[in-house]
Colleague: 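Shown below is the structure under consideration.
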Amino acid sequence: MNADLPQQPTPYHGVLHRYGHLLDLPEHTRPITLLEGDTHLIPVPRLAETLGGGFELFVKFEGLNPTGSFKDRGMTAAISEAVGRGAKAVICASTGNTAASAAAYAARAGLKAIVLIPQGKVAAGKLAGAVAYGAQVVQIDGSFDDALALVVEISNRHPIALVNSINPYRIEGQKTAAFEICDTLGRAPDWLCLPVGNAGNITAYWAGFRQYEALHGSGLPHILGVQAEGAAPLVLGHPVKHPETVATAIRIGKPARGEQALQAAEESQGRIIAVSDDEILAMQKRLAGEGIWVEPASAAGLAGLAHEIAAGRFHPQGKRIVAVCTGHGLKDPDIITKHMVAPQIFPPRLDVLEDVILRD
Ligand code: F0G
């Protein structure tokens, strides 16, 4: 072999191929993959410095998955199981990302996908994705929580597989993000911060870290779950009838796995807190300043960390912290363009452009 030639990279076949032996999936599961997972753990030392410094901070950028969000990890598992048992159609309720992911994996498997979305609150890139992948998109005059109750009912009455995160295989697939973090860092981080909506992801991370600790003694992180102030049932201790937040992905008033989220926070000696929309948008901007553009909900985890540090309730010094950024900024361009001043138009002349560019 010529030593100067780069070695063939190990082929990557997606999370079921890499971690399937650690996932509790039935025998009949037939892998359907878009090579999801293996997302980057990006060091952000400059951002850590602005938060007080003296600690290690990484962003697990889940927006790099095939449909632009972490949902693909759970969806490969849920759709693979559904196909294996002969399902012909799948259904989910969604604030957008689950819809796009379900639609893509259903398309890959040749299944019909039906997605129920709350009226007018789904970001353009997510809806476009669901349509592009060929799903039947049904908008209801109600909330995500209403939509979820309805799809549960429909899947009970008809042979249509439910692929929301109450489906246990979604959780199995999403555990792989915790495995990847431990494998990349060599052990679990001290803290993990992430946004919380329907609470599937926090449940999956905690299950994944616990499993790796039992297998490899990789340690356990404390978990900081973060909700938006206007949609914070787990912080308030009761459902929120009319959840409202700019972070539409986590605009959820009655999380299906709320109990498990509270348990994850308690068992990990972490907590669940709420941050304002302004804090979420400010963190979205700070992350973009690092070259990482995430959708608003995805900035909530880090916004929560900043919030706790500023309040003096959290001392990050000497710690290794991972913030999960759950979805790509391209999913929700409107949030940026809405406040953007349209670029001014100039004549295509060098002297004019030099004047504009070098003005200050
Ligand atoms: N971040 C993003 C970008 C999301 O889309 C979601 C959930 C979450 C965080 C919260 O994750 O629900 O597991 O606590 N989106 C769901 C959807 C509800 O329909 O796409 P969770």
Side-chain angles (χ1 to χ4, degrees), residues 12-39 60 62 65-66 69-87 90-92 98 101-102 105-106 108-109 111 148 151-152 155-156 159-184 187-188 192 194 196 198-221 223 225 255-268 324 326:
Y12 179 74
H13 297 297
V15 298
L16 296 191
H17 183 261
R18 184 169 179 192
Y19 292 114
H21 60 291
L22 300 176
L23 308 182
D24 189 6
L25 298 173
E27 205 56 38
H28 62 246
T29 302
R30 195 161 71 70
I32 301 292
T33 180
L34 286 164
L35 311 191
E36 59 296 312
D38 204 19
T39 56
K60 178 73 169 162
E62 288 287 275
N65 277 297
S69 87
F70 72 98
K71 303 286 179 179
D72 296 344
R73 294 177 183 277
M75 206 53 75
T76 182
I79 299 282
S80 297
E81 188 280 329
V83 167
R85 86 173 119 100
V90 298
I91 193 166
C92 66
T98 301
S101 186
Y105 283 80
R108 184 86 167 153
L111 305 184
L148 185 59
V151 295
V152 169
S155 66
N156 283 337
I160 304 176
L162 182 68
V163 294
N164 278 105
S165 62
I166 35 185
N167 176 327
Y169 308 121
R170 281 277 312 276
I171 302 301
E172 288 301 306
Q174 284 172 215
K175 288 192 313 194
T176 60
F179 300 162
E180 280 177 19
I181 291 174
C182 294
D183 284 340
T184 306
R187 54 169 290 113
L192 183 91
L194 81 172
V196 177
N198 209 27
N201 212 26
I202 187 171
T203 302
Y205 268 100
W206 185 235
F209 283 122
R210 279 195 358 248
Q211 189 172 342
Y212 244 46
E213 160 64 7
L215 278 173
H216 303 299
S218 47
L220 289 169
I223 297 200
R257 290 191 183 268
E259 284 303 319
Q260 283 163 282
L262 293 169
Q263 201 180 332
E266 192 186 319
E267 284 177 10
S268 74
V324 183
T326 42

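In this chain, numbering begins with 1 at the start of the sequence shown.
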Colleague: Is there a side-chain contact between Phe179 and Gln211 in this structure, where contact means two heavy atoms from C-beta onward sitting under 4.5 Å apart?
Modeller: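 The answer is yes, as the side chains (C-beta and beyond) meet within the 4.5 Å cut-off.
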Colleague: Show, in sequence, the C-alpha distance, side-chain angles and deciding distance for Leu220 and Trp206, and conclude whether the side-chain contact (heavy atoms from CB on, under 4.5 Å) test is met.
Modeller: CA-CA 9 Å; Leu220 289 169; Trp206 185 235; 4.0 Å; yes
Colleague: Can you name the nearest heavy-atom pair linking Ala102 to Ile79, along with the distance?
Modeller: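 What the structure gives for the nearest pair is O-CD1, 4.3 Å.
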Colleague: Hey, could you give me the CG/CZ distance between Leu192 and Phe209, rounded to the nearest 0.5 Å?
Modeller: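 It comes to 5.0 Å.
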Colleague: Which heavy atom of Val90 sits nearest to which heavy atom of Ala106, and what is that distance?
Modeller: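 Minimum heavy-atom separation between Val90 and Ala106: CG2-CB, 4.0 Å.
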Colleague: With heavy-atom distances below 4.5 Å as the criterion, would you say the side chains of Ile181 and Tyr205 are in contact?
Modeller: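 Yes - at least one pair of side-chain heavy atoms lies under 4.5 Å apart.
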Colleague: Can you measure from CD (Glu62) to CG (Asn201) and round to the nearest 0.5 angstrom?
Modeller: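 Rounded to the nearest 0.5 Å, the CD-CG separation comes to 7.5 Å.
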Colleague: Let me see the working for Leu215 and Leu22 under side-chain contact (heavy atoms from CB on, under 4.5 Å), right down to the final yes or no.
Modeller: CA-CA 10 Å; Leu215 278 173; Leu22 300 176; 3.5 Å; yes
Colleague: Rounded to the nearest 0.5 Å, what separation is found between the CD atom of Glu81 and the CG atom of Leu16?
Modeller: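 If I round to the nearest 0.5 Å, the distance is 11.5 Å.
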Colleague: Sub-3.5 Å donor-acceptor pair from the side chain of Arg257 to the main-chain atoms of Ser165, do we have one?
Modeller: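 Answer holds: yes.
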Colleague: Identify the two heavy atoms, one from Arg170 and one from Ala78, that lie closest to each other, and give their separation to 0.1 Å.
Modeller: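 Scanning both residues completely, I find the closest heavy atoms to be CG-CB, 3.9 Å.
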Colleague: Do the non-hydrogen side-chain atoms of Leu148 and Ile166 ever get within less than 4.5 Å of each other?
Modeller: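 Yes, side chains in contact.
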Colleague: CD1 of Ile171 to CD1 of Ile202: how many Å apart, nearest 0.5 Å?
Modeller: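 One finds 11.0 Å between CD1 of Ile171 and CD1 of Ile202.
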Colleague: Could you check whether any side-chain N or O of Ser268 sits under 3.5 Å from a backbone N or O of Ile223, counting only pairs where one atom can act as donor and the other as acceptor?
Modeller: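 The answer is yes, because a donor-acceptor pair under 3.5 Å joins these two groups.
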Colleague: If we ignore hydrogens and angles and just use 3.5 Å, is the side chain of Arg18 paired with the main-chain N or O of Tyr12 as donor and acceptor?
Modeller: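 Side chain of Arg18 to backbone of Tyr12, a donor-acceptor pair under 3.5 Å: no, none is there.
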Colleague: Mind running side-chain contact (heavy atoms from CB on, under 4.5 Å) on Thr76 and Leu34 for me, showing each step along the way?
Modeller: CA-CA 8 Å; Thr76 182; Leu34 286 164; over 6 Å; no
Colleague: With rounding to the nearest 0.5 angstrom, report the CD to OG1 distance, Gln263 to Thr203.
Modeller: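 So the gap between those two atoms works out to 8.5 Å.
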Colleague: Nearest 0.5 Å, what's the NZ-CG distance between Lys71 and Asn164?
Modeller: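 If I round to the nearest 0.5 Å, the distance is 8.0 Å.
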Colleague: Indicate yes or no: at least one non-hydrogen side-chain atom of His216 is less than 4.5 angstrom from one of Arg187.
Modeller: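 His216 does not reach Arg187 side chain to side chain.
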Colleague: Quick check: closest heavy atoms across Ala109 and Val83, and the distance to 0.1 Å?
Modeller: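 Heavy atoms of Ala109 and Val83 come nearest at CB-CG2, 3.5 Å.
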Colleague: Is the shortest side-chain heavy-atom distance between Val15 and Leu23 below 4.5 Å?
Modeller: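 Heavy-atom side-chain distance check fails, nothing below 4.5 Å.
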Colleague: Give a yes or no on whether a salt bridge exists between Arg210 and Glu213, defined as a side-chain N under 4.0 angstrom from a carboxylate O.
Modeller: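 Looking at Arg210 and Glu213, the cut-off is not met.
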Colleague: Specify the closest pair of heavy atoms between Arg108 and Thr33, including all atoms of both residues, with the distance to one decimal.
Modeller: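 Taking Arg108 first and Thr33 second, the nearest heavy atoms are NE-O, 2.9 Å.
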Colleague: A side-chain contact here means heavy atoms from C-beta on lying under 4.5 Å apart; do Glu36 and Met75 qualify?
Modeller: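 No, every pair of side-chain atoms sits at 4.5 Å or beyond.
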Colleague: Kindly say whether Val151 contributes a backbone atom to a donor-acceptor pair with the side chain of Ser155 at under 3.5 angstrom?
Modeller: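 A pair under 3.5 Å: yes.
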Colleague: Within the structure provided, determine whether Ile91 and Val163 are in side-chain contact (heavy-atom separation under 4.5 Å).
Modeller: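 The answer is no, as the side chains (C-beta and beyond) never meet within the 4.5 Å cut-off.
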Colleague: Could you give me the CA-CA distance, side-chain angles and deciding distance for Thr326 and Leu194, then say whether side-chain contact (heavy atoms from CB on, under 4.5 Å) is met?
Modeller: CA-CA 8 Å; Thr326 42; Leu194 81 172; 5.6 Å; no
Colleague: Would you call Ser80 and Leu25 a side-chain contact if the rule is heavy atoms closer than 4.5 Å?
Modeller: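 Ser80 does not reach Leu25 side chain to side chain.
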Colleague: Under 6.0 Å from the CD atom of Glu267, do we count more than 12 heavy atoms belonging to anything else shown?
Modeller: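 Buried by this count: over 12 neighbours within 6.0 Å.
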Colleague: Which atom names give the shortest non-hydrogen contact between Thr39 and Arg73, and what distance separates them?
Modeller: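 Of all heavy-atom pairs spanning Thr39 and Arg73, the closest is OG1-NH2, 3.2 Å.
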